[in-house]
Structures are given as C-alpha cells and as structure tokens.
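Residue numbers begin at 1 in each chain, while the letters A, B, ... track the order of the sequences. All heavy atoms count here, side chains included; hydrogens, waters and symmetry mates do not.
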Protein chains: 2
Amino acid sequence: MVTLSEENYLKTIFHLGRHDKASVSTNAIAQKMETKASSATDMIKKLSEKGLVDYQKYKGVQLSENGRLAAISVIRKHRLWEVFLVNKLSFSWDEVHEVAEQLEHIKSEKLTLELESFLDYPTQDPHGDPIPDSNGSIPSTQKLLLAKVKQGHQCICVGVKDSSSEFLKYLDKYKIALGSQIKVISKEAYDESMTVKINDIQKTISKEVAQNLFVKTN
Amino acid sequence: MVTLSEENYLKTIFHLGRHDKASVSTNAIAQKMETKASSATDMIKKLSEKGLVDYQKYKGVQLSENGRLAAISVIRKHRLWEVFLVNKLSFSWDEVHEVAEQLEHIKSEKLTLELESFLDYPTQDPHGDPIPDSNGSIPSTQKLLLAKVKQGHQCICVGVKDSSSEFLKYLDKYKIALGSQIKVISKEAYDESMTVKINDIQKTISKEVAQNLFVKTN
DNA sequence: ATAAATTTTTAGTCTTATCTAAACTTTAAG
DNA sequence: CTTAAAGTTTAGATAAGACTAAAAATTTAT
C-alpha cells in the first residue's frame, strides 16, 4: 500500500529524473515538493525500505522498477482526469491541475480503465503530455518547440512546456489551444521573437512564448 | 478546513441522527466508523471545538448547522459520483460504494457543479437516495417499502433500504434494478412473502427482500 | 590540499488520528 | 436506593509526516 504522500514523492522523483537519468538530489525533491530537505530525507528512507527507490546516503535517489510503475500509474490517472475535466466537464487548461492533483490518488483499477474507455483512449492530456497505457508504457510524441520551426512552415499546437497558470492564461487570452494551426511568417534574429498566423490571425510572439509551446509539423 | 477524517465522522453522525433526531451516542459513532469509543470521543471534541457539532460530555452529539451543511456536502458529492459511475462508466449497483467513498472527499466546488450539470441534475443516486442540491436541500421522496404495497397494485422500484453488497448482488441476479416495474400478485400472510411480476417475470420474494426494496406507486 | 560553502542527514519536537488501559458517569436491576 | 453493568472519557503510547537546529558529508574555491 502506497500512501498519498508517498505517491506525491514518487511522482516528483519521476519528473525530476525524467531527462537526465542520473540520480535525483534530496534538495531538488524538497524544493519541488515545497518542503524541507529533512522531510525529503525521511520520506526517501521510507520509500527505500519499501523498495520503491534505490538510495545511497548523500548520493540521491533513483526510482526502482516498482517505484517507476507506481509513479507512472499516478501520472496516468492525473492525465486521464485532466482529459475528463476539459473534454466532458467545462474546465479550461489552467483550471484542471489542482483538481487532477486530488483525483490522481483515487484507488480503483476498474475506475481508471472505465474512465479511459469513456474518454475513448486518449493518448495526450490537454497540455499535450502523453498518457501512459495500463501497462505503464508511455507513447512517445515527436513534438518540437515552436521556436525551432523554420520560417514559412506550418504546424499544429500539441502542448506546452511551461504549464504554469500564467502561461495557460496567456494562451487562452489569445485563443491559442491544442490543435491551433500556426504558420511561422517571419523570425526576428535580434530578440528571437517571431510573427505567426494563428487561426488566421497574425500576431508577434516573444522568445519566451515560442520556447514554451510544443508543436507538430505537418 | 475540514479534514478527510472529520468529513467521515460528520457523515456518520448525519446518518445516525437522521431518523430519531435525538443526540447520537459515542458508541454508535465508534461502531459505524469501525473504531474505538475513545477515538470517537477525541474526534467529537475536535468537531465540537470547530463548531461543527453540539456536544455535552456523556450526552452524545448533534450536528450544528455548519456541521449539517458539511455532512450534506459530502453526501451530495458521494451520490453524484455514484450516478456518474453507474450512468457514464459501466459500474453496477454494488461496485460504486467503495469508489464513491474516495471521490466524495475531492474538494472543488466547480467540479461538483460541473459534474451535476454533466449528469443532467439527477435527483436520486443509483440506490434511490435523494441527492442534495447545492444549497443543501434534500429533495423529499415519497417512496415506500415494497412490503407495504397492496395486492394487485403496480409500482416502480426506486431504491433500496439495505445497500449491502449481498443484497445488491441478489437484485442484480434477478434483474431487479431502478425503474423495474413490479406488480404484486399475491401476499402470503404466514411468512409475509409475496409473489410479484417483475419485468413480466413472475417470482416469489421473501419478507426480507420486500422490506428492503423501496418503490413508488403509480 | 585544505578551508569554506553547500548539501544532506540526524536528533528531537509537533500534530493528527489512532489505540489500550484505567477512571469516571449514567443507567438499570434488584 | 444502592450497586452492578454499560457507556464514556481521560491518560499515556504509537505511527505518519512534517519542522527546526545541529552535526556530518560532500563539493567548491582558494
């Protein structure tokens, strides 16, 4: 039995260890969890005793196979619930996270499977992040940052890198959503801003925005 | 802020105090919560300090107005989620309770309202219990026990009194569900059993069953 | 290569919710 | 109306998860 708190730590370790697969530091975990390093150490010990992480004092942690599966299970539920909130109830991009943080801990294999079926087996959540399947496999997405798209090329918005409320509100404001057609009209070398046509409306966007929007070229 | 455990106690006190509106005893609470009387006393004190119950030592508790509203809010969510599980996902009568016990604690006013709208403002859960509205008003249902129905009369199944898994499985087995048409063919004075026609199939049911099935005459 | 800075761990405390055992009220029986 | 039984509360302990302060290990910088 994995507690709610343990699930949150596992999720955090998963996200922190995602890109570089070196071990994750106590401080990094504490920071992400908005708690103190000593609390993180306590929890790491507990997770280690339960065989969910590999841990060596002062050397950080890595998820074990069981820990990875537990983390992915929570992430799977989080993302499925986000799809539910946006597609079935009328939640917007920036409202789903807090609620999904609660729903992700509901324990019922049947519920998760039925929900997935009810939603027609989505492969991405409303932020464009992939939804793991029931075996824990994560579908790979070949998305790239809008900033990398060449002038004159056309693409579709498939996700965000920064999923902060501020950024999502910005996107809402300019009607940029998943599936929006984006054509790169011109790029400015000086400040890396670019002029794009989004849903047939022309607009100049900053480097900050272009570097936080995932797109798929077609 | 009301904790998960507090919500469960409030719900239990609400249910226990429902019929006779005298105060609810510590032992009764402990028994329903499957905990010890001393634990119940501790929690009662905490709820009392928070102004959610009126409490006098050795005299039991009653919900305060705030406590009643908090309890009803949890019950409202529980019943809405049960409707969701049965109507939208393919859960059966006897599978919903455990999951709804978890879902009822999700805190999001918006979620509850959107869910209610998504489900088309149901007034009853799958067991026929009324769903409180967002102001905490509980729609009254004029349901009666099948055992009270006179010979020759026709009625519709609207709920169960006993919502144990065993009873619900029994009902599933004989295809008795919410909305089933039931006609009382004859009643046996000796053992209070009755012969009924359910969905055009004739069957004899015992006193135990007839006294645990709510119906509405039409 | 060693001192300073940073990171991590340990030790001890707190809160929530639970338990057991003992003490105290209330109720019920005779 | 007194006493036994039943019900309730208190006192003291435990486990999970978090915190502070201090000690220990590691890294960085001189």
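Per the geometry, CG belonging to Leu4(B) stands 12 Å off C1' belonging to dT16(C), to the nearest Å. Between the CG atom of Asn8(A) and the C1' atom of dA16(D) there is a distance of 14 Å, given to the nearest Å. Glu49(B) has its CD atom 10 Å from the P atom of dT16(C), to the nearest Å. One can place CD1 of Ile44(A) at 12 Å from P of dA18(D), the figure rounded to the nearest angstrom.
For the OP1/OP2 pair of dC19(C) and a distance below 4.0 Å, the side-chain nitrogens and oxygens of Thr35(B) include at least one atom meeting the criterion. Between Thr41(B) and dT10(D) there is no side-chain N or O to OP1 or OP2 distance below 4.0 Å. OP1 or OP2 of dT18(C) has not a single side-chain nitrogen or oxygen of Lys36(B) nearer than 4.0 Å.
Salt bridge present: Glu95(A) and Lys110(B) bring a charged side-chain N and a carboxylate O closer than 4.0 Å. With respect to Lys107(B) and Glu7(B), a salt bridge is recorded, a charged nitrogen being found less than 4.0 Å from a carboxylate O. Salt-bridge annotation for Glu101(B) and Lys11(B): present, with a side-chain N of the basic residue lying under 4.0 Å from a carboxylate O of the acidic one. Between Glu104(A) and Arg76(A) there is no salt bridge, since no side-chain nitrogen of the basic residue lies less than 4.0 Å from a carboxylate oxygen of the acidic one. A salt bridge links Lys143(B) with Asp129(B): the closest approach of a Lys/Arg side-chain nitrogen to an acidic carboxylate oxygen falls below 4.0 angstrom. With respect to the salt-bridge test (charged N to carboxylate O, under 4.0 angstrom), the residues Lys50(A) and Glu6(A) qualify. Salt bridge absent: Lys59(A) and Asp54(A) never bring a charged side-chain N and a carboxylate O closer than 4.0 Å.
Under the 3.5 Å distance criterion, with hydrogens and angles disregarded, a donor-acceptor pair is assigned to the side chains of Ser193(A) and Asp191(A).
Note on Ser39(A): a base of the nucleic acid sits closer than 4.0 angstrom, heavy atoms only.
For Asp42(A), counting side-chain heavy atoms from C-beta on, the closest listed nucleotide (dT18(C), dA18(D), dT8(D)) is dA18(D).
A donor-acceptor contact under 3.5 Å links the side chain of Ser38(A) to the base of dT20(D).
Annotation for Gln31(B): atom CD does not count as buried by contact number, only 12 or fewer foreign heavy atoms lying within 6.0 Å.
Each of Lys45(B) and Thr3(A) has a nearest nucleotide on DNA chain D; the 5'-most of these lies closest to Lys45(B).
Within residues 23-30 of chain A, no residue approaches DNA chain D, by heavy-atom distance under 4.0 Å. Contacts between residues 50-59 of chain A and DNA chain C, defined by a heavy-atom separation below 4.0 Å, involve Tyr55(A), Lys57(A), Tyr58(A), listed by number.
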